[in-house]
Amino acid sequence: MSAPMPLRRLDDGGTAVLDNAALTALYPRTPAPHLRMNFVTSLDGAVTLDGYSEGLSGEPDKRVFGIMRKVCDALVVGAGTLRHEGYRAVRLDEERRAWRRENGVAEYPVLVVVSRTLTLDPGAPVFTEAPVRPVILTHHAAEAPAGLDKVADVLRHGTEQVDLAAGLAELHVRGLTQLLCEGGPHLFGSLTAADLVDELCLTISPLLTSPDAGRIIAGPVGPPRPMRLAHVLAADDGTLLLRHTRS
Ligand SMILES: NC(=O)c1ccc[n+]([C@@H]2O[C@H](COP(=O)([O-])OP(=O)(O)OC[C@H]3O[C@@H](n4cnc5c(N)ncnc54)[C@H](OP(=O)(O)O)[C@@H]3O)[C@@H](O)[C@H]2O)c1
């Protein structure tokens, strides 16, 4: 395997290349429950290239993405992104599983899918091949397809809309306090509207694309939410990796 592209921290005047341990320390687990959002965008703010995030995500983004998955208890994703991006069962390589064992974290993160309509296929490998039983977060009026409860825990919060605050609180009670949300934009909008977002990790890829794509947030979001810069990383190819936390 070729060496990873060097990543350096820009905001502290440091010039050192960050190894995996130094990178991991920059995405800490926190004592209190914490929701981290992770997105990639182009320089002009596009959330997709040709309809998918893949074209925006270079090696530095994938590397840090892997670190964020390594340190989380649960990986939260909107059903739209799960279906569109064709999510597979969340597996981690031996190095990341070893880190989790050494740090007292369950070997695999739990996949949590947020869905209003439960348009989900219980036979999909993302469920049937999952190393740990996934969770579906929905509301009481949603009709589940046959067999969904065989492959996932279906948690219901809210009468006709998902009560995200109550849903996340149940995840915390289950011991899933370090949440990594990989989108998509509508879920990010709902979480922002409910003021549940503690952190945004945003990779800016050095690409100019087109105005056709959406942005990282969609739907009603309520008032602007100020965020505070925690760090900026730069890769040799011009990729920037920003981390902002709730101010
Ligand atoms: N650049 C990036 O980092 C990035 C990251 C993620 C996604 N994307 C892109 O974003 C696009 C998808 O955008 P999207 O906004 O449709 O994604 P999304 O938010 O994942 O999907 C919307 C769907 O997710 C469920 N959902 C979202 N918020 C919900 C809420 N508050 N309550 C209940 N269910 C909720 C619903 O599923 P049901 O229909 O099942 O009810 C809804 O129809 C894709 O093109 C994907 O490639 C890009």
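Whatever order the structure lists them in is the order used to number ligands and atoms, beginning at 1. What's counted below: heavy atoms across the whole structure, side chains too, no hydrogens, waters or symmetry copies.
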**Study point:** Element-labelled atoms of ligand 1 that are located less than 4.0 Å from some non-hydrogen atom of Arg83
**Key:** 37 (O), 38 (P), 39 (O), 40 (O)

Exercise for review: Could you list which atoms of ligand 1 come closer than 4.0 Å to a heavy atom of His186?
Suggested key: 14 (P), 15 (O), 16 (O), 19 (O), 28 (N)

Practice item. For the pair His84 and Tyr52, name the ring-plane relationship: parallel under 30°, tilted 30 to 60°, perpendicular over 60°. Key: parallel

Revision key, fill the gap. Near Glu85 (heavy-atom distance under 4.0 Å), the atoms of ligand 1 are 46 (C), 47 (O)

**Study point:** Per-residue contact class, Thr117 against ligand 1 - non-hydrogen pairs under 4.0 Å
**Key:** both

Check your understanding: Is His84 touching ligand 1 with its side chain, its backbone, both, or neither, if touching means heavy atoms under 4.0 Å apart?
Key -> side chain

Check your understanding: For ligand 1, which atoms sit closer than 4.0 Å to a heavy atom of Val162?
Key -> 32 (N), 33 (C)

Practice item. Name the closest protein heavy atom to atom 6 (C) of ligand 1, giving the residue it belongs to and the distance to 0.1 Å. Key: Glu182 O, 3.2 Å

Exercise for review: Supply the atom-to-atom distance Met37 CE to Phe188 CZ, rounded to the nearest 0.5 angstrom.
Suggested key: 5.0 Å

Practice item. Under 4.0 Å, heavy atoms only, figure out whether ligand 1 is touched by the backbone of Gln161, its side chain, both or neither. Key: neither

Exercise for review: Report yes or no: does Ala218 have a heavy atom closer than 4.0 Å to ligand 1?
Suggested key: no

Check your understanding: Counting only heavy atoms, which portion of Leu164 has something under 4.0 Å from ligand 1: side chain, backbone, both, or neither?
Key -> side chain

